[in-house]
Protein chains: 2
Amino acid sequence: MNNSNYSDNQKITVAIDCVIFGFDSEKLNLLLFKRKVNPFKGSWSLIGEVLENDLSLDESANEILFKLTGLENIYLKQLKTYGELNRDPAERVISIVYFSLIRVDELLLKEIENKDAKWFALNDVPELILDHSDMVKDSIVELRNMAKDQPLGFELLPKLFTLPQLQTLYECIYNTKFDSRNFRKKILSLNVLEKTNLKDKSTSRKGAFLFGFKENISDDNQKNSDTYNTKDVFQF
Amino acid sequence: MNNSNYSDNQKITVAIDCVIFGFDSEKLNLLLFKRKVNPFKGSWSLIGEVLENDLSLDESANEILFKLTGLENIYLKQLKTYGELNRDPAERVISIVYFSLIRVDELLLKEIENKDAKWFALNDVPELILDHSDMVKDSIVELRNMAKDQPLGFELLPKLFTLPQLQTLYECIYNTKFDSRNFRKKILSLNVLEKTNLKDKSTSRKGAFLFGFKENISDDNQKNSDTYNTKDVFQF
DNA sequence: CCAAAAGTGTTAAGCATACACCCATGC
DNA sequence: GCATGGGTGTATGCTTAACACTTTTGG
């Protein structure tokens with residue numbers, strides 16, 4: 001009973017789950033959490049809990065992520081809501097799923113692992129509870145869609161990165177290889193990256209220039225949303 | 001109190017709302033419903049109600065749409081879930097939004113209007129309650145995204161249509177005009193439409209050929225999802 | 001025979017692809 | 001001086017954009 005204007009007898013629990021991808025300059029990883037409640041206590045699951053009464057969906061997702069992993073100020077994007085009838089054997093639960101892609105560095109790596117959370121290489125993920133594998137699969141599809149439209153901001157954005165790193169990230173997301181000349185041509189033609197004079201020498205003797213995102217995105221690459229041509233419309 | 005394993009005190013109502021666009025060969029329309037409950041009783045709203053305990057999200061969306069409008073067997077796609085804290089002044093409600101694009105014909109038009117539902121031209125929609133206008137705006141964005149990837153199946157699919165009609169539909173969705181020669185070239189090159197020998201003479205003396213979707217989509221236009229090139233990845 | 005909408009083809013420009021070598025540096 | 005990864009240019013083919021006239025037929 002929830003004593004509601006709209007429904008006196010709705011018995012549905014609302015939960016939030018977070019799919020957190022981490023890029024470590026080499027491969028994509030997935031952040032999992034050792035579940036603390038029954039059923040499936042002790043199994044690996046996405047980062048999730050029930051929705052708080054007094055937090056918006058976005059706020060609650062951030063809060064849960066912080067509580068379970070210590071990660072803070074991460075941009076989380078809503079993916080979709082899962083609500084099959086028996087997706088959770090214990091009771092009727094619908095889950096609103098968020099996802100993000102962040103950069104994993106050493107520091108972050110240890111901090112997180114103190115908290116019963118653990119990074120797994122994406123192609124070495126253990127069996128997940130409930131429909132969590134679907135959530136991960138759907139997130140990857142969405143990740144690919146998003147990477148099309150913006151040169152992958154996410155939480156990589158604040159940091160500087162090299163073009164070979166960015167290319168590796170794209171290759172991980174799409175699970176393929178790109179020609180480096182074409183990749184650079186394309187990504188630079190977007191006019192959103194800014195070269196710095198700094199070099200990252202951690203992966204080669206020659207070193208690779210670091211890039212950041214441009215501040216003023218106010219440029220000619222802004223599209224007037226009232227004009228479309230057939231090229232904009234059909235993109236296969 | 002909902003007597004749950006996971007949470008004893010969650011007080012959140014879950015609702016479903018449907019954004020139904022209707023194309024009448026000329027323009028896009030939006031289906032609205034005169035709200036039957038307080039607050040805002042009598043105002044125009046999207047088609048929505050609380051989620052049923054024993055229906056999945058998809059099922060409940062279909063059921064609500066049927067109950068309030070008589071529309072049946074409509075493909076509904078989940079858009080996203082709205083959950084700001086005070087989006088509904090009466091109580092905490094989160095709303096899972098679905099949308100669809102259907103074909104409006106005469107018959108449908110009258111049937112629906114017997115039910116307190118009404119079609120409004122998209123650029124002549126009355127003020128909507130709560131955050132329903134956001135839902136409509138977001139649906140249009142999603143509609144545009146989807147129209148890119150498939151030549152607009154939705155509920156137009158089962159019927160035959162002429163290319164000028166299809167072009168008009170696209171022009172409505174994108175709110176622009178296309179060159180008919182380029183539009184036809186492009187859409188036919190996709191190899192998913194099949195010309196019939198039938199002509200629709202309702203809009204011209206000459207008549208326009210009717211097309212349908214091909215049955216066997218098994219063709220060379222199927223993309224192997226494990227191969228990508230820069231063109232697939234960056235689509236601006 | 002005329003009005004009104006359907007249907008068609010070509011050219012030029014831009015973009016994606018494929019492909020191979022030089023560069024800078026630390027050791 | 002050499003091994004390693006970073007960085008660059010060009011020719012070819014494909015896709016898109018721009019553009020105007022002919023066809024059909026009911027009245």
Side-chain angles (χ1 to χ4, degrees), chain A residues 25-27 147-149 151 160-171 174 176-211 220-221 223-224 227-236, chain B residues 25-27 147-149 151 160-171 174 176-211 220-221 223-224 227-236:
Chain A
S25 301
E26 252 185 48
K27 60 184 189 318
K148 284 176 192 178
D149 295 329
L160 297 176
F161 46 87
T162 67
L163 292 189
Q165 275 167 11
L166 190 63
Q167 182 172 345
T168 306
L169 173 58
Y170 268 82
E171 289 174 345
Y174 286 95
T176 191
K177 293 281 172 192
F178 297 111
D179 178 279
S180 67
R181 287 162 292 190
N182 294 335
F183 181 84
R184 299 169 77 95
K185 226 179 301 173
K186 183 68 202 187
I187 205 122
L188 290 175
S189 77
L190 301 177
N191 237 22
V192 293
L193 297 187
E194 197 153 46
K195 193 177 184 174
T196 67
N197 291 323
L198 307 169
K199 277 196 162 185
D200 172 1
K201 297 206 171 184
S202 65
T203 56
S204 75
R205 313 210 150 128
K206 182 178 179 180
F209 281 105
L210 288 159
F211 287 75
D220 42 5
N221 46 317
K223 181 177 290 171
N224 174 350
T227 44
Y228 289 89
N229 53 34
T230 54
K231 187 187 172 192
D232 295 323
V233 174
F234 301 101
Q235 305 174 332
F236 295 85
Chain B
S25 301
E26 252 185 50
K27 61 189 187 317
K148 285 175 192 180
D149 296 330
L160 298 177
F161 47 87
T162 68
L163 292 189
Q165 276 167 11
L166 191 63
Q167 183 174 344
T168 306
L169 173 58
Y170 269 81
E171 289 174 344
Y174 286 95
T176 192
K177 293 281 171 193
F178 297 111
D179 177 278
S180 67
R181 287 162 292 190
N182 293 335
F183 181 85
R184 299 168 77 94
K185 228 177 300 171
K186 181 68 202 187
I187 204 122
L188 290 175
S189 77
L190 300 177
N191 238 20
V192 293
L193 297 187
E194 197 153 47
K195 193 177 185 175
T196 67
N197 290 323
L198 308 168
K199 277 196 163 184
D200 172 0
K201 297 209 171 181
S202 65
T203 56
S204 75
R205 311 211 150 122
K206 183 177 179 182
F209 281 105
L210 287 159
F211 288 74
D220 43 5
N221 46 315
K223 181 177 289 171
N224 175 351
T227 45
Y228 291 87
N229 52 35
T230 53
K231 187 187 171 192
D232 294 324
V233 174
F234 301 99
Q235 303 174 333
F236 294 84

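Note that this is a predicted model, so its numbers are computed, not measured.
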- Integer-rounded Å distance: C:dA6 C1' and B:Leu198 CG: 16 Å

- Note on the structure: Rounded to whole Å, CD of A:Gln165 lies from P of D:dG6 at a distance of 9 Å

- Item | 5'-most by nearest nucleotide on DNA chain D - B:Lys199 or A:Thr162 | A:Thr162

- For this output row, return yes or no: ring centroids of B:Tyr170 and B:Phe183 closer than 6.0 angstrom. yes

- Please state whether the base of D:dT10 and the side chain of A:Lys185 form at least one donor-acceptor pair under 3.5 Å? yes

- Message: When you compare the side chain of B:Phe161 with that of B:Thr168, does any pair of heavy atoms fall below 4.5 Å?
- Response: no

- Nucleotide D:dT16, atom C1' - distance to CG of B:Leu188 in whole Å: 16 Å

- Query: Per the side chain to side chain contact (heavy atoms under 4.5 Å, CB included) rule, which among A:Thr162, A:Leu166, A:Leu188 passes with A:Phe211?
  - Reply: A:Leu188

- Query: Of all the choices, D:dT8, D:dA17, D:dG5, which nucleotide is nearest to the side chain of A:Arg181 once you look at every atom?
  - Reply: D:dT8

- From CG of B:Leu163 across to P of C:dT8 the rounded distance in Å is 9 Å

- Note on the structure: Quick note, A:Lys201 side chain, CB onward, closest among C:dA6, C:dT25, D:dT8 is C:dT25

- Note on the structure: Rounded to whole Å, the NZ-C1' distance (B:Lys195 to C:dA6) equals 10 Å

- Item | Whole-Å gap separating P (D:dT16) and CD1 (B:Ile187) | 12 Å

- Atom CG of A:Asp179 to atom C1' of C:dC21: distance rounded to whole Å? 13 Å

- Message: I need the minimum non-hydrogen distance between A:Lys206 and A:Lys201, along with the two atoms involved.
- Response: O-CE, 4.1 Å

- Would you say A:Arg205 reaches D:dG6's phosphate, i.e. side-chain N/O to OP1/OP2 under 4.0 Å? no

- Item | Residue A:Phe209, side-chain atoms from C-beta onward, closest of D:dC19, D:dG7, D:dG5 | D:dG7

- Mind calculating the distance between CZ (B:Phe183) and P (C:dG7) to the nearest angstrom? 12 Å

- Message: Just N and O in the side chain of B:Lys206: are any of them under 4.0 Å from OP1 or OP2 of D:dG26?
- Response: no

- Ignoring backbone atoms, establish whether A:Lys186 has a side-chain N or O less than 4.0 Å from OP1 or OP2 of C:dC15. no

- Message: For A:Ser180 and B:Ser189, find the nucleotide of DNA chain D closest to each by heavy atoms; which residue's nucleotide sits nearer the 5' end?
- Response: A:Ser180

- Task: Look up atom CD in A:Gln167 and atom CG in A:Asn182, then write down how far apart they are to the nearest 0.5 Å.
- Result: 9.5 Å

